[in-house]
Protein chains: 2
Amino acid sequence: MSSDENKYLKSYNIKDYDIPLATVDMSIFSIIDGTLNVLLIHRDTHPEKGKLSLPGGFINLKEDQNLDETAHRKLFEKTGLKSPYLEQVETTGNATRDPRGWSVTILYFALLDFGKVKEKALKDSKWFPVNKAKKEKLAFDHNELLEKAFDRLKSRTSYTALPMALMPNLFTLTELQTVFEIILEKKLPIKSFRRRILTAEVVIPTGESKLSGKRNAQLFKSKGVSKDFYFQRPLQV
Amino acid sequence: MSSDENKYLKSYNIKDYDIPLATVDMSIFSIIDGTLNVLLIHRDTHPEKGKLSLPGGFINLKEDQNLDETAHRKLFEKTGLKSPYLEQVETTGNATRDPRGWSVTILYFALLDFGKVKEKALKDSKWFPVNKAKKEKLAFDHNELLEKAFDRLKSRTSYTALPMALMPNLFTLTELQTVFEIILEKKLPIKSFRRRILTAEVVIPTGESKLSGKRNAQLFKSKGVSKDFYFQRPLQV
DNA sequence: TTATATATTGACTTAAAGACTATATATAAT
DNA sequence: ATTATATATAGTCTTTAAGTCAATATATAA
């Protein structure tokens with residue numbers, strides 16, 4: 001680095017400039033009782049005090065090395081989970097979304113198995129079925145953010161195996177299909193779904209089958225959920 | 001708004017907090033002489049003075065109402081164009097990418113017809129073939145940003161008609177196919193490509209055909225490039 | 001008039017999804 | 001034990017859009 005640049009950096013003070021607020025917000029999804037749920041926070045500080053919002057907050061410049069760490073930190077605070085599926089959705093920034101001024105938020109969504117959630121009884125947070133959450137008047141522009149996150153999840157579900165990240169360690173293909181159907185809000189053809197999952201080899205048969213119901217079903221486990229795996233064709237619309 | 005919240009907002013001063021820098025960077029692509037090019041800037045200010053970088057910069061809290069406006073403003077400054085195709089790619093934020101401190105950048109890519117570029121002779125900016133740009137040592141983490149933008153363009157090209165945004169007003173199907181091939185870095189089957197474009201009706205025949213070469217080819221114009229149009233199936237890999 | 005290059009179309013093949021039917025196997029009722 | 005019932009699982013035909021390959025059309029140039 002040149003001494004010239006060094007001089008510049010020494011005299012540089014970020015607070016001499018007008019810059020926007022920057023936050024990370026997230027839609028944390030899980031399946032509870034056959035319904036897609038999202039975690040909402042009851043805000044007990046200004047602004048928008050008293051309203052429900054998506055979990056999120058400021059980047060901690062000391063603790064967070066990067067944005068994903070901010071997201072993971074928030075996620076851990078609210079769920080006690082270290083490594084659920086996490087994906088960045090979109091960044092929204094404008095002059096009006098926050099009464100404190102120009103504000104930018106980086107939106108993530110997370111998928112997790114509700115059975116693994118540690119912090120089930122945090123007083124300020126609560127799981128809402130997505131359809132109910134959509135009807136609430138959320139803080140800031142969080143209704144739009146929730147919609148964007150859900151749309152992204154829905155879209156991904158039509159050509160990836162992401163919903164596996166919502167499943168418990170062991171699951172049947174019927175259970176997996178049901179979760180796909182919950183997200184897509186429509187029924188899928190059984191044979192087609194099974195063939196798709198099986199030929200893609202995104203799932204490992206445990207042999208150790210069996211479960212509830214009438215005829216027992218084979219139990220599978222996920223081979224790992226990757227952002228980069230795509231089925232050859234999307235599900236028909 | 002409660003008077004309580006009013007009081008909070010009055011006492012709120014963003015400069016009391018540690019917040020990251022926020023910038024918008026963009027990969028502006030166009031086709032020049034049968035090659036995919038990207039616009040780079042010769043930096044004449046600190047930091048990273050003297051290096052090449054993607055165009056971009058700070059959000060202007062006074063002028064820009066939202067992030068897309070920031071991106072459009074930058075784009076206009078560098079190309080003189082008001083409405084090329086613009087799409088947000090991803091946001092990168094960490095403690096190390098900018099020597100001034102924790103920094104967040106929202107990455108966009110733009111596609112435009114080079115023939116429409118007004119500002120062809122800006123002294124600080126220059127078009128580079130993407131393959132050459134990749135080999136340059138760009139400022140900050142802009143090599144990674146360029147790669148992300150290009151990867152996104154490539155991916156989109158396999159299941160959308162986005163590359164139409166790179167075409168002049170009138171073009172033949174062969175010319176369009178060539179642009180797809182340039183981006184995908186591989187040949188495509190002719191018959192298949194034409195059928196795909198034609199049955200999707202993303203293009204309007206002008207009747208007024210004719211052009212260079214041996215046998216004359218029909219001229220088409222774009223029906224408009226939409227982020228939300230998807231072919232039923234992606235191109236085979 | 002013929003050669004050549006590029007444009008354009010016809011028609012067969014392939015792959016993965018959808019649709020429908022048949023079979024298998026568990027529990028519960030008789 | 002036998003039968004009924006529900007769910008799991010597999011077989012197979014159809015459909016659709018892409019890939020493949022070959023044939024035809026129409027400019028320009030020799």
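Within every chain, numbering begins at 1; the chains are lettered A, B, ... in the order of the sequence lines, protein sequences first and strands thereafter.
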Length of the line joining [X]:[atom1] and [N]:[atom2], which is rounded to integer Å:
X	N	atom1	atom2	result
Phe231(A)	dA17(D)	CZ	P	20 Å
Gln218(A)	dA8(D)	CD	P	12 Å
Leu188(B)	dG19(D)	CG	P	8 Å

When both hydrogen-bonding distances must be under 3.5 Å and the geometry is Watson-Crick or G-U wobble, what is dA27(D) paired with, if anything?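 Pairing partner: dT4(C).
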Which base sits across from dT30(C) as a Watson-Crick or G-U pair, both distances under 3.5 Å?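 WC or wobble partner is dA1(D).
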At 4.0 Å (heavy atoms only), tell me whether [X] reaches a base, stays on the sugar-phosphate, or touches nothing.
X	answer
Arg196(A)	sugar-phosphate
Leu173(B)	nothing
Thr199(A)	nothing

Determine: side-chain N/O of [X] to OP1/OP2 of [N], distance under 4.0 Å, yes or no.
X	N	answer
Gln232(A)	dA16(C)	yes
Ser192(B)	dA18(D)	no
Arg215(A)	dA6(D)	no

Short question: side chain of Arg196(A), backbone of Arg233(A) - any donor-acceptor pair under 3.5 Å?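 Answer holds: yes.
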Could you tell me whether the side chain of Arg233(A) has a donor or acceptor atom within less than 3.5 Å of a complementary atom in the base of dA16(C)?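 Result: at least one qualifying N/O pair found.
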